[in-house]
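Reviewing the structure listed below.
All values derive from a computational prediction rather than experimental measurement.
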Amino acid sequence: MEKKTIILTIEIGDRELVPKTLLALELVKQGFRVYMGSFRAIHEIHKKINSCVFFHKSSYRSRIRKYKKYGCSCCNS
């Protein structure tokens, strides 16, 4: 069975890097594949991922619709 993919974005490294790294570690331990990076970096790879859960705190509604077309479930706050 293929691993499920989680995407985590980091907007402000000083504030978000450590907590999201710990979250990513726990997700990997549970068997998920995790991609983590800046929004720009994630934007470059999202077309290569056919389904995922995408976590990003954003109000970019047009981008969310675009990612959903590629099979991503988007969770934003």
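The OG1 atom of Thr21 lies 10.5 Å from the CD atom of Glu16; values are rounded to the nearest 0.5 Å. Residue Ile6 holds its CD1 atom at 11.0 Å from CD of Gln30, rounded to the nearest 0.5 Å.
Within the structure, salt bridge (charged side-chain N to carboxylate O under 4.0 Å, His left out) contacts touching residues 24-38 (residues at least two apart or in different chains) are Glu26-Lys29.
Here the rule is side-chain contact (heavy atoms from CB on, under 4.5 Å) with Met36, and of Thr9, Leu8, Ile7 only Leu8 fits it.
Thr5 is not listed as a side-chain neighbour of Phe32, based on a closest heavy-atom distance of 4.5 Å or more.
If you chain together ILVMFWY residues whose side-chain heavy atoms come under 4.5 Å of each other, Val18 ends up grouped with Leu22.
For Ala41, the side chain to side chain contact (heavy atoms under 4.5 Å, CB included) partners are Ser38, not counting sequence neighbours.
Residue Leu25 is not grouped with residue Tyr35 when hydrophobic side chains (ILVMFWY) are merged at heavy-atom distances under 4.5 angstrom, including chains of intermediate members.
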